[in-house]
Amino acid sequence: MEAPAAAAPRPQIDDYDHVRVEAKWRRIWEQRGDYRTPLDDPERPFYNLMMFPYPSAEGLHVGHIIPYAGGDIYGRWRRLKGDTVFEPMGFDAFGIHSENYAMKIGEHPAVVMRRAVHNFRENQLKRIGSMFDWDHEVNTAEPSYYRWTQWVFLQLFKRGLAVQREGAVNWCPSCLTVLADEQVEQGRCERCHSVVETRYLRQWWLLITRYAQQLLDALDTLDWSDSTTTMQRNWIGRSEGALITFDLQGCRRDNVTVYTTRPDTLFGATFLVVGADHPDLEDFVPRERLGDVNAWRNRLRPTDEPDFSVGIDAGSSAVHPLSGERIPVWIAPYVLGGYGTGAIMAVPAHDERDWKFARAHELPIVEVIAGGDVAAAAYAGPGVMVNSDGFDGLPGDEGKKAVVQRLQELGRGEASVQYKLRDWLISRQRYWGPPIPIIHCPDDGVVAVPEEDLPVLLPELEDFRPTGTGVSPLATVEDWVNVTCPECGGPARRETDVSDTFLDSAWYFLRYPSTDFDAVPFDEERTATWLPVDMYIGGNEHAVRHLLYSRFIMRVLHDMGLVPAPEPFSRFRAHGTIVMEGAKMSKSRGNVLNPDEYIERVGADAFRLYMMYLGPYTSGGDFRDAGIAGMTRFLHRVWRLAQTATADDTHDIDRERRRHRLIKRVDDDIATLSYNTAIAFLMQFARDVDHEAQRGAGRRVDAETLLLLLAPFAPFISEELWERTGHEASVHTPGQWPAHDPELARARRVTVAITVNGKVRGQLETDAGTPAAELRRLALEQPRVRELLSGREPRNVVAVVDRIVNVVV
RNA sequence: GCCGGGAUGGUGGAAUUGGUAGACACGCAGCGUUCAGGGCGCUGUGCUCGUAAGGGCGUAAGGGUUCAAGUCCCUUUCCCGGCACCA
């Protein structure tokens with residue numbers, strides 16, 4: 001193709017038809033298998049993962065595009081840079097959410113899910129232009145998958161990390177099942193917002209608290225968004241303090257141990273408080289008070305706001321371990337039976353809650369840390385110990401150490417670390433989940449289903465609705481429940497609870513790289529090659545649960561020698577939340593947008609670009625579809641310029657510099673997920689090249705560079721134009737990303753700003769790297785500067801090379 | 001209450017990490033193309049005074065450091081996210 005400047009005949013270009021272009025390349029890519037990843041022995045494997053969706057029957061909404069397009073841009077970029085990128089996708093199809101939806105529309109969850117998964121995959125995920133490798137799709141509700149979820153459970157069970165025990169659990173009266181602590185928000189069910197009740201039930205727990213310290217420490221080794229690691233840290237909630245034992249009088253127990261972070265305030269402890277939900281509450285109460293206390297406890301109702309005046313005198317007393325004084329024991333709901341030891345020493349002078357409680361019940365307030373006015377309010381600030389026997393005058397940390405040491409000598413206490421993290425309750429009295437693979441035998445007790453008998457198939461059940469009696473509907477299936485014990489062969493019964501859906505998703509990333517799905521949970525060699533995930537993208541709503549559970553399961557499997565890495569995701573970025581005119585998108589607000597119509601109207605390319613352009617990727621943006629027109633205009637421009645910029649002028653050094661600057665800029669921006677600015681630069685570049693092309697002077701090399709850099713963002717149109725401009729291979733061919741020359745990317749001429757007393761008064765065009773002394777001289781020659789100086793000598797002249805000259809008058 | 005992140009034109013957002021605030025886009029206005037509408041293209045667009053040249057003001061509010069502050073420090077207000085009786 002010849003392209004002499006002015007005389008170039010305008011080639012006839014057909015209109016950009018996104019429907020045709022996108023359908024064409026979807027078909028070709030699928031037929032050619034462009035995105036099937038060679039999983040064995042890749043030179044530079046890159047596991048690019050996005051959180052898989054749970055298929056609700058409403059389909060994907062606009063918010064899904066953020067992770068799936070955003071993650072794909074990153075993956076396509078790595079691929080163009082030469083990595084072997086594995087980008088799988090699947091479906092989190094089990095769970096209460098899916099089941100509730102099925103009940104609502106009166107269909108069986110299996111049917112609803114099959115339809116939803118098909119719709120998600122065929123009509124939506126395949127249309128958005130992401131290079132998912134569908135050969136490795138997983139679906140957590142398939143027996144071939146949940147068989148191994150059950151296997152994961154058994155590994156935990158065998159290591160003593162899955163136990164059945166009775167305890168206070170969160171019961172949702174609407175979902176009719178227990179919930180994990182992580183599923184309760186401000187005392188309400190996160191799904192249906194019913195007020196959660198406390199029930200005492202025998203349930204299955206995974207002992208994640210055993211890993212609290214490891215899970216906390218390893219956060220430092222991860223490249224994750226700060227906001228996410230902070231949330232995990234807070235959730236694990238490590239605190240350092242001391243356990244202190246008080247002797248008891250007047251009740252069944254001889255003594256009680258309390259946990260405190262302020263052992264330095266021990267002499268200010270004027271009473272003890274036992275949590276109203278303490279499992280052995282009656283042991284703290286004298287026999288004659290039991291009736292009163294139980295009656296009081298039964299009248300307790302959960303309150304939204306904490307009330308520090310509620311409490312009752314237990315009737316017993318405690319002996320202060322250092323002063324020997326007798327102090328009363330109280331019972332109150334503001335103390336949590338499940339944290340620490342379930343009992344505290346109350347120091348009203350230096351704890352706001354204790355102070356309020358003391359005031360309400362006229363208990364003494366004794367100042368033991370100087371610095372506040374404890375008659376007016378609790379003082380929690382720093383200060384030296386006072387009224388503390390031989391400890392007076394010691395400041396904070398020293399005081400804590402000294403008190404703990406004395407207690408230790410007396411055998412009355414020791415330093416201790418506590419965590420807020422609780423064990424993970426995984427039992428669900430529901431239908432739509434993997435049955436917990438356990439058999440209860442009257443002789444042998446709790447017995448694991450032998451691994452070769454997995455999966456324990458979820459029986460097909462007409463009436464799958466929850467019973468509300470604390471028992472799963474599976475309990476009604478007599479011929480499923482009644483089995484023979486694998487140990488003794490005698491009659492036994494199956495466990496009828498299913499496991500939490502978060503267990504399904506806590507290991508799915510291990511499953512993707514495997515091929516032989518029936519033989520193993522995950523292929524060991526593939527796992528060694530591909531794990532940990534190199535880049536994980538998802539919403540911060542899973543910052544605590546999914547990410548923490550996955551880390552826990554991975555760590556357990558690692559300890560068993562089954563996976564090579566202790567952590568599943570070496571890099572994680574939370575994308576921002578997309579809002580609609582300022583409000584978070586949700587069904588209840590009725591502002592959920594379906595991406596299908598946009599893909600139909602403007603195409604996946606324009607839509608992807610627009611979503612990425614809304615704002616910084618990690619902070620989300622406000623969706624207004626008015627702006628989408630800008631993207632359509634941009635793509636029309638690219639369409640035109642790519643086919644008209646055919647000049648072969650590679651010697652234009654300034655344009656060559658511009659091109660290299662663009663490559664560097666886009667490359668750097670994608671690396672940091674700054675998609676919005678990368679797109680802005682592509683637009684600017686496209687405008688310039690288009691103007692040149694309209695004069696017949698558009699360079700072919702500029703057009704080609706533009707297409708390559710645009711390819712991750714707009715995979716269809718760049719592929720079509722790449723073909724139209726005479727290329728045989730795909731624009732997405734691995735390793736094809738253009739390199740930039742750092743020398744050329746550096747500017748040659750620069751505009752230096754001239755300021756007088758910090759106010760801009762002019763500009764100076766110079767060669768890059770002009771020395772500061774020369775810049776100062778040039779600045780002082782400027783007529784405008786002279787005028788402002790009006791004959792005076794400047795007091796100072798500061799020059800920053802390539803940046804600015806400031807004249808101080 | 002505690003922890004984290006924010007506040008920049010009419011709007012979404014940029015700003016090389018202390019160095020020309022407002023890139024890019026939406027919207028709006030003018031012009032061109034068109035019978036017209038739409039679309040498309042070009043130009044302009046922080047506020048303000050001025051015909052212009054040019055000046056003044058301007059990054060939530062107030063103060064400070066600096067030759068120079070959207071950026072650093074202090075105080076205050078508001079918004080978003082998380083945790084929330086964790087002793």
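The chains referred to below are lettered A, B, ... by the order of the sequence lines, with proteins before strands, and numbering in each begins at 1. Everything numeric in this text was worked out from a predicted model, so none of it was measured.
With D802(A) contributing its side chain and G769(A) its backbone, the two residues share a donor-acceptor pair below 3.5 Å. Proximity of a side-chain donor or acceptor of T260(A) to a complementary backbone N or O of R262(A) within less than 3.5 Å is detected. Judged by distance alone, the side chain of R412(A) and the main-chain N or O of I244(A) form no donor-acceptor pair under 3.5 Å. Within the 3.5 Å criterion, the main-chain N or O of P364(A) finds a donor-acceptor partner in the side chain of T270(A). No donor-acceptor distance shorter than 3.5 angstrom exists from the side chain of H278(A) to the backbone of F284(A), with no hydrogens or angles considered.
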Hey, what are the protein-to-nucleotides 52-54 of chain B N/O distances that come in under 3.5 Å?
from: rG54(B); atom 1: O3'; to: R784(A); atom 2: NH2; distance (Å): 3.3

Output one line per pair: protein atom, nucleotide atom from nucleotides 20-22 of chain B, and distance, for all N/O pairs under 3.5 Å.
from: rU20(B); atom 1: O2; to: Q763(A); atom 2: NE2; distance (Å): 2.9
from: rU20(B); atom 1: N3; to: Q763(A); atom 2: NE2; distance (Å): 2.7
from: rU20(B); atom 1: O4; to: T751(A); atom 2: O; distance (Å): 3.3

Output one line per pair: protein atom, nucleotide atom from nucleotides 39-44 of chain B, and distance, for all N/O pairs under 3.5 Å.
from: rC42(B); atom 1: OP1; to: R637(A); atom 2: NH2; distance (Å): 3.0
from: rC42(B); atom 1: OP1; to: H691(A); atom 2: NE2; distance (Å): 2.7

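When Watson-Crick and G-U wobble pairs are counted only if both distances are under 3.5 Å, rG1(B) pairs with rC83(B). Pairing for rA14(B) is absent, with no Watson-Crick or G-U wobble pair whose two atom distances lie under 3.5 Å. Remark: rU65(B) base-pairs with no nucleotide; criterion is Watson-Crick or G-U wobble with both hydrogen-bond distances under 3.5 Å. In this structure, rU71(B) makes no Watson-Crick or G-U wobble pair, since no nucleotide meets both defining distances under 3.5 angstrom. Pair check for rU51(B) finds none; no Watson-Crick or G-U wobble contact set falls under 3.5 Å. Remark: rC78(B) base-pairs with rG6(B). Criterion, Watson-Crick or G-U wobble with two distances under 3.5 Å. Checking rG41(B) for Watson-Crick or G-U wobble geometry (two distances, each under 3.5 Å) identifies rC31(B) as its partner.
Using cut-offs of 30° and 60° on the angle between ring planes, the pair H542(A) and H546(A) is perpendicular. Using cut-offs of 30° and 60° on the angle between ring planes, the pair F607(A) and Y598(A) is parallel.
Nucleotides rG64(B) and rG81(B) have their C1' atoms positioned 31 Å apart, rounded to a whole Å. Comparing the P positions of rA52(B) and rA69(B) gives a spacing of 30 Å, expressed to the nearest Å. rA7(B) sits 16 Å from rG62(B) when the C1' atoms are compared, rounded to a whole Å. rU65(B) and rC73(B) have their P atoms separated by 15 Å, given to the nearest Å. Of the C1' atoms belonging to rU8(B) and rA15(B), the separation is 10 Å, rounded to the nearest Å. rG30(B) and rC67(B): their P atoms are spaced 49 Å apart (whole Å). Taking atom C1' on both rG70(B) and rA14(B), the two are 12 Å apart, rounded to the nearest angstrom.
If you check every strand for non-hydrogen atoms under 4.0 Å, F308(A) touches a base. Within 4.0 Å of N796(A), counting heavy atoms only, lies no atom of the nucleic acid at all. At a threshold of 4.0 angstrom between heavy atoms, the contacts of G630(A) are confined to the sugar-phosphate backbone, with no base atom among them.
Side-chain nitrogen and oxygen atoms of T677(A) include none within less than 4.0 Å of the OP1 or OP2 phosphate oxygen of rA23(B). Dashed line: the shortest gap from a side-chain N or O of K420(A) to OP1 or OP2 of rA84(B) is not under 4.0 Å. For rG12(B), the OP1/OP2 oxygens have no side-chain nitrogen or oxygen of N676(A) closer than 4.0 Å. In this structure, Y334(A) does not reach the rA87(B) phosphate: none of its side-chain N or O atoms is under 4.0 Å from OP1 or OP2.
Other residues, nucleotides and ligands contribute at most 12 non-hydrogen atoms within 6.0 Å of the CD atom of E352(A). The number of heavy atoms from other shown groups lying within 6.0 Å of CZ (R749(A)) is above 12.
Between R210(A) and D423(A) no salt bridge is recorded (no basic side-chain N to carboxylate O distance below 4.0 Å).
With rA87(B), rG12(B), rG19(B) as the candidates, the nucleotide lying closest to the side chain of Y613(A) is rG12(B). The side chain of P616(A) lies closest to rA14(B), out of rA14(B), rA87(B), rA23(B). In this structure, the nucleotide among rC83(B), rA14(B), rA87(B) sitting nearest to the side chain of S239(A) is rA87(B). Nearest to the side-chain atoms of T230(A) among the listed nucleotides rG19(B), rG4(B), rA87(B) stands rG4(B).
Note: CG (L775(A)) to C1' (rC67(B)) measures 16 Å, nearest angstrom. When the P atom of rA68(B) is taken as reference, atom CZ of R776(A) falls 17 Å away, rounded to whole Å. Going from atom CG of D802(A) over to atom P of rG19(B) covers 14 Å, rounded to whole Å. Note: NZ (K759(A)) to P (rG19(B)) measures 18 Å, nearest angstrom. In this structure, D226(A) atom CG and rG5(B) atom C1' are separated by 11 Å, rounded to whole Å. Straight-line distance from the CG atom of L336(A) to the P atom of rA87(B): 10 Å, rounded to whole Å. R665(A) places its CZ atom 8 Å from the C1' atom of rU16(B), with the value rounded to the nearest Å. The distance between atom CH2 of W355(A) and atom P of rG1(B), rounded to the nearest whole Å, is 17 Å.
For a distance-only test at 3.5 Å, the side chain of Y339(A) fails to qualify as a donor-acceptor partner of the base of rC85(B). If you check distances only, the side chain of N234(A) never reaches the base of rC83(B) with a donor-acceptor pair under 3.5 Å.
Because its glycosidic torsion is more than 90° from 0, rG5(B) is reported here as anti.
Residue-to-nucleotide proximity on RNA chain B shows that, of W235(A) and G340(A), the 5′-proximal contact is made by W235(A).
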From CA spacing to verdict: side-chain contact (heavy atoms from CB on, under 4.5 Å), V335(A), V274(A): CA-CA 6 Å; V335(A) 169; V274(A) 179; over 6 Å; no
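For the side-chain contact (heavy atoms from CB on, under 4.5 Å) criterion with L775(A), the lone passing option out of I754(A), T770(A), V798(A) is T770(A).
Side-chain rings of F308(A) and W355(A) stay apart, their centers remaining 6.0 Å or farther from each other.
With 3.5 Å as the limit, one finds no donor-acceptor pair spanning the side chains of Y379(A) and E367(A). One side chain, E765(A) or T751(A), offers a donor N or O that lies under 3.5 Å from an acceptor on the other.
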